[in-house]
Amino acid sequence: MKLKYYIIVGFLVSIFITVLGVFFGASRMLIDNQEVSYVLLMTILASLTGALISLLLLGRIFRSLDQLKDKMKELTLRNFDTESRIQTPLEFKELEASFNQMATELQDSFQSLKMSEKEKAMMVAHLTHDIKTPITSIQATIEGILDGVIPEEEVHDYLKTVNRQTNRLNRLVEEFNILTQETLDPSLQEIKKETIYLDKLLLEILSEFQLKIEKEERQITLSVDPKVAKIQSDYDKLSRILLNIITNAFKYSNEGTKLDIKASGDDDTIRIAISDQGMGIKKEELETIFQRLYRVEASRNMTTGGHGLGLYIARQLAHQLGGEITVASEYGSGSVFTLVLTK
């Protein structure tokens, strides 16, 4: 039964009780018989008038309830109406404001989920593309060796290619693993503290680019402050962070340009800065470059191709180590990426 009918029933009950009271008073000689009709008439008129006025005053409340009901129906259909229509009563206006806030939060949540699903689809597409390339290369090389198409004296060189492509696949698997770990409880992400010699670590990372450095005639400068020459950190995570940043420095700078790596610090912090003379980053992109799947260049060409996970993963790992990655850049004048860790 609707609320207005409850109100009408309430008034009818009050009239009935009043009538009973009047007849009881008359039967007990408490009320003069001549006054009974007048009392009954005034009671009925007062009750009906009160009921009518109450229904008129409650009309806005009923309309407000209908509007709130419509808003709830729209929410179930994922139509997030946040327009304010209720003015009175004040309690219903406040309730509508709460509904609108809830609708806004739900809309943001659904939009975030939609973007997340889109990102996952893009990630799968990108990584599928990146995985397919080394697999095709490995398969073609092995088939060539088995079929005798590749001369025996060249087999060793082709096996080196297979080894490089296998390492590339391993890195892709590691990226999948890191992306999976970020959804886990942080307490489950183990940090293995060990002694690390920064100069040795950086030289090991640079050795992976030895052929590229020689081919592109790169000038590399490396300096490590004695204060931070030996640190305590997670070797695997730290090396992965630096590898990703240095890879980007090579990727987004031209052949023959300089790359500078400097490690410094004090009693509390460690700062490792990687400077390049590359294309630089636009001001509006300085933070978005750390987003998952974001790429400064939308095109996936052979020079700067990738799936937009390098810097994202580097920052996630830095956070796991209790640190941060910052960037300073001027478009067209190179970039400086700095890893800041707390001792």
[X]: side-chain contact (heavy atoms from CB on, under 4.5 Å) partners, not counting sequence neighbours:
X	result
Asp268	Asp266
Gln165	Pro134, Ser137, Ile138, Thr161, Arg168
Pro226	none
Glu216	Lys212, Arg218, Glu255

Practice item. Answer yes or no: is there a donor N or O on one side and an acceptor on the other, between the side chain of Thr269 and the main chain of Gly265, under 3.5 Å? Key: no
Practice item. Could you list all the salt bridge (Lys or Arg N to Asp or Glu O under 4.0 Å) pairs where at least one residue sits in residues 314-333, not counting sequence neighbours? Key: Glu287-Arg315, Arg315-Glu324
For [X], all residues meeting side-chain hydrogen bond (donor to acceptor under 3.5 Å, both in side chains), sequence neighbours excluded:
X	result
Ser333	none
Asn248	none
Gln210	Glu214

Review point. Do Leu259 and Gln219 come within less than 4.5 Å of each other through their side chains, counting heavy atoms only?
Key: no
Point to revise | Transitive ILVMFWY cluster of Tyr197, excluding itself - 4.5 Å side-chain cut-off | key: none
Exercise for review: Give me the other members of the hydrophobic cluster that Val155 sits in, counting Ile, Leu, Val, Met, Phe, Trp and Tyr linked by side-chain heavy atoms under 4.5 Å, directly or via other members.
Suggested key: Ile145, Ile150, Tyr158, Leu159
Point to revise | Under the salt bridge (charged side-chain N to carboxylate O under 4.0 Å, His left out) test, residues paired with Lys282 that sit two or more places apart | key: none
Exercise for review: Any pair with a residue in residues 218-249 that passes ring-ring contact (aromatic ring centres under 6.0 Å, His included), sequence neighbours left out, goes on the list, sorted by first then second residue, please.
Suggested key: none
